[in-house]
Structures are given as C-alpha cells and as structure tokens.
Amino acid sequence: MKERVLILGGGIIGLACAFEAARDGSREVTVVERGGFGGQATGAAAGMLAPFSENVEQPDAFFELCLDSLRRYPEWVERIEERSGMEAGLRRTGSLGVALHEADLLPLQSRLRWQRAAGSGAELLTAAQAARLEPRLAACAGGIYTPAEAHVDAPLLAAALEQACRSVGVRLRAGQGGLASLELRPGDAPERPVALTTERGERFEGDRLVLCAGAWSGEFERLFGLPETIHPIRGQICAYGVPDGEVRHMVFTSQAYWVGKSGGRLVCGASEDVAGFCTDVTDRGIGRLERWSARAFPMLGGMRPSLRWAGLRPATRDGRPLIGRLSGYPQVLFAAGHYRNGILLAPATAAAVLGLLEGDELAASAAFHPERFRRGFSAHPSGAFAPSAGAGTSAPSRAEAAGRGDDAGRTAAAPGGPRRGRA
C-alpha cells in the first residue's frame, strides 16, 4: 500500500511539497486548503527570485538556502510547465539595486565581494551606467547590477503548480474551512497515525502530515507545545499600467521595489504592517508606495495604481522558516514561516520535505528546525536536533487528554473557538 501524505495548506509551499512528494507515484498525496489555492502570501508576492538583493548582510545558512533554491528554479519551472501545459512567467531580467544618495553606496560596496564569490556576477554602477540600464529611473548616485536574479509571475506559477499537482495525481481539497480536529497516534498503530477533520465535515487519514499553513502556522506551534513564533505581517502591494519593457529589471531601493510583469503591469511593493489577520488594503499603505514610485520613476508621478491588494506573510522570530520533523511526533513535518521568500524558497523547501519523507534526516538544516526556539533543545554534531529529557514520543488520544484535563489535549484536537484563515 502506498504511503499517504496529508499536506495542510495550499499556498505555494504546500503545492510545491505536494508536487515533489507525488511525482514519482510512490505516495498518495492530499492537500487540504481552507479557502482557495495560492492565496494570502502567494497572492501578495511580486515573485522575486532575489537572494542577493534581499539578503545583504552575510552568507549565512538562510542565504545559502535561498541561493540553492534560485539555482533549482529553471529546471523546477520547466517540470511544472511541462506537466501543466501552462506558463509560469519566469523572467531572467537581473536586478538593479539603486543608491539614492552617496551614503547608500558604501553598503552596496561592502556586500559586493562576498556576493560575487557566491556567483552573483554583480558589478558596481556609476550614476551614468545605472541610467543606461534603466532610462526611466530618476537620477541616483549609482547602484549594483546583479544579473543572476530573476522573477516569476506568482499567480501564474501558483495556477500552473496546482495543475501540475493534478497531473501527478495529487488530491486537492479546497474550501474546507478551518481544522475541527487533529488526531495523532503512534507510528506503529494499526490504523493510520494521522487523522484530521475540517469544519466542512470531511475527514482525512494518512501516514504523514506536512504543515504548510502560512501565517496561521502559529496555531500549530501552540498545538504541539512549541513557542509560538510565526505571526502574520500584512503586505500591501500595487500595480501600475505601464507598457512592457518600460522598466527592464527588478529595481530595488531602500524603501520599495518595482518589477515589470507581462500584460503592461509594473508591480510595486511592499508596504508592511502588523494588523493581525486583517487583509484590508489601506490608503496609508498604498500611499507610501505611490510617493516612492513617483520619486524613483518620474513617469509615475500623478499616476494612480490600477490594482491594489494585500496578503498575510508568515514571519518568524528570526526571519527563517520552520522546516523539519517534530522529534516527539515523527509523522509531523513543518514547512512554514517563509515570510517574504515563499516564492523563492518553494523548490528548496519541497526538496527538503521530500528528503525527510524518504528518511534523510539531514535533508533540512538544523538552522531551520521547527523546535529551535524550544528551551532545552540542542543540535547534534550531525545537525539533527535532540529533545531534552522527558520529551514525549507520541500524542495522547483525545479521550486520554480529556480525562487528564492537561495541556496534552492540544496535540489531539485543534484549538477551540473559531478558526481563522487557511486550514
């Protein structure tokens, strides 16, 4: 009998994990999604594949993960497009990091050496050279050109990935509402060790559970007794009606970015704030983007965005995602908390989850382990994590938890009260 894998959450990370887990035909994979596929953080994304522009301090473990994912992208998109028959909108435009003032040049210079060593191919530009690359750009002090970076059309990629999942037999269950209950049993139990029921009333059973619940993943941290580190950040974004090719590269400043998409769209982002689970678009958030757009590109002065939207990005305490297996619940894997980098990190995260499903405990770096914030955890020399003495190895049954009346019940049933957002 094939192994059954349940994936909770149908954003870009959940769909990517499902595609990788199912494509060799050895598993039955089901994705359970509260609303529609590819929403929230995926819907709010400009699709930038820019590890050099968005990681400017040092080549740490997070940068290495981002760079690895960038290198996987061309082949990964090719497979998705082949299986789906749809375009994902991959554009290898390179990027231009703009220094608005002379003082902004020093940080660009300081990062140039280590990023070149990592394969960025970056070069420092004078003001005149920056103007030649982007004639529509306002006068600046110079910049840094990084040819290795690219971008995709996030909605197109999500739609293609959804279709690719269908083509390899993934069962996609959208519109399920929140999670009504989650039951975990020991791995050697005669029945399936994972069972969940949604608010819609559907029940799903499997051998493994992969949690890809985006901004709502903090509820599952709490459910498993982990420190709740994942929280929502509202990202507001807008788009202008600008002819294709008018802006040739991804353009970054310290205050905003601009990315040209097909169909005459120039996307500008992102205004971020803490607003709980609210996804309203505000005049204040978009107004900030409008002001910076007019400063960076004079042609946009007085022009109003043709589109405005927002989504929730799953941020973590240290800015790194949670990718790995829970020590006390070996049938549960986390792949969540990607914040601004979910589109970029989708192929590398999916590869790590596939490795864990296949038994490679080093497939995910200890730097991203979902229990790294728990007191008493330490990394082995191998990179694996070990629980402190007394950590549990299996979840109690619902009846056992209810009978004891202790906090263990959180691992057997979903948190009480109304559920918000994706499953």
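Keep in mind it's a predicted model, so treat the numbers as computed, not measured.
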Enquirer: Inspect the contact between K2 and E28 and indicate whether a charged nitrogen and a carboxylate oxygen are less than 4.0 angstrom apart.
Expert: no
Enquirer: Looking at E134 and R248, is any side-chain nitrogen of the basic one under 4.0 Å from a carboxylate oxygen of the acidic one?
Expert: no
Enquirer: Mark yes or no: R317 above the aromatic ring of F373, with NZ or CZ under 6.0 Å from the six-membered ring centre and no more than 45 degrees from the axis.
Expert: yes
Enquirer: Can you name the residues that form a side-chain contact (heavy atoms from CB on, under 4.5 Å) with A158, not counting sequence neighbours?
Expert: T42
Enquirer: Is there a salt bridge (charged side-chain N to carboxylate O under 4.0 Å, His left out) between R92 and E149 once you walk through the steps?
Expert: CA-CA 7 Å; R92 305 183 194 188; E149 297 187 321; over 6 Å; no
Enquirer: Please identify each residue that fulfils salt bridge (Lys or Arg N to Asp or Glu O under 4.0 Å) with E82, with sequence neighbours left out.
Expert: none
Enquirer: Could you tell me which residues satisfy side-chain contact (heavy atoms from CB on, under 4.5 Å) with R173, sequence neighbours excluded, listed by chain and number?
Expert: T30, R171, Q176, E202, F204
Enquirer: Please round to the nearest 0.5 Å and tell me the distance separating atom CG of L49 and atom CD1 of I343.
Expert: 8.5 Å
Enquirer: Suppose we screen for side-chain contact (heavy atoms from CB on, under 4.5 Å). Which residues come up paired with P347, at least two apart in sequence or across chains?
Expert: S69, R72, Y73, W76
Enquirer: For this output row, return yes or no: ring centroids of F63 and F52 closer than 6.0 angstrom.
Expert: yes
Enquirer: Does R111 have any salt bridge (Lys or Arg N to Asp or Glu O under 4.0 Å) partners at least two apart in sequence or in another chain, and if so, which?
Expert: none
Enquirer: Does R4 come within less than 4.0 Å of D207, counting only side-chain N to carboxylate O?
Expert: no
Enquirer: Nearest 0.5 Å, what's the CD-CD1 distance between Q109 and I144?
Expert: 9.0 Å
Enquirer: Flag yes if more than 12 heavy atoms outside E78 fall under 6.0 Å of its CD atom; otherwise flag no.
Expert: no
Enquirer: Using a strict 4.0 Å threshold on nitrogen-to-oxygen distance, state whether R372 and D318 make a salt bridge.
Expert: yes
Enquirer: Taking only residues at least two apart or on different chains, which pairs with a member in residues 279-305 satisfy ring pair (Phe, Tyr, Trp, His ring centres under 6.0 Å)?
Expert: W258-F297
Enquirer: In Å and rounded to the nearest 0.5 Å, what is the CD1 to OG distance from I286 to S271?
Expert: 7.0 Å
Enquirer: Salt bridge or not for R79 and E81, using N-O below 4.0 Å?
Expert: no
Enquirer: Mind checking what makes salt bridge (Lys or Arg N to Asp or Glu O under 4.0 Å) contact with R308, not counting sequence neighbours?
Expert: D283
Enquirer: Got a sec, which residues hit ring-ring contact (aromatic ring centres under 6.0 Å, His included) with F252, two or more places apart in sequence or on another chain?
Expert: none
Enquirer: Is E183 paired with R185 through a side-chain N to carboxylate O contact shorter than 4.0 Å?
Expert: yes
Enquirer: Can you tell me if T146 uses its side chain to pair, donor with acceptor, with the backbone of A148 under 3.5 Å?
Expert: no
Enquirer: What verdict does the side-chain contact (heavy atoms from CB on, under 4.5 Å) test give for V242 and L300, after you've listed the backbone C-alpha separation in whole Å, the side-chain angles of each residue and the deciding distance to 0.1 Å?
Expert: CA-CA 9 Å; V242 173; L300 300 178; 3.9 Å; yes
Enquirer: According to side-chain contact (heavy atoms from CB on, under 4.5 Å), who are the partners of L356, at least two apart in sequence or on a separate chain?
Expert: R325, L333, E361, A363, A364
Enquirer: Looking only at side chains, do E246 and Y240 share a donor and an acceptor under 3.5 Å apart?
Expert: no
Enquirer: Does Y145 have any ring-ring contact (aromatic ring centres under 6.0 Å, His included) partners at least two apart in sequence or in another chain, and if so, which?
Expert: H249
Enquirer: Applying side chain to side chain donor-acceptor pair (under 3.5 Å), can you list everything that pairs with S306, at least two apart in sequence or on another chain?
Expert: none
Enquirer: Hey, could you give me each pair passing salt bridge (Lys or Arg N to Asp or Glu O under 4.0 Å) that has a residue in residues 138-147? Not counting sequence neighbours.
Expert: none
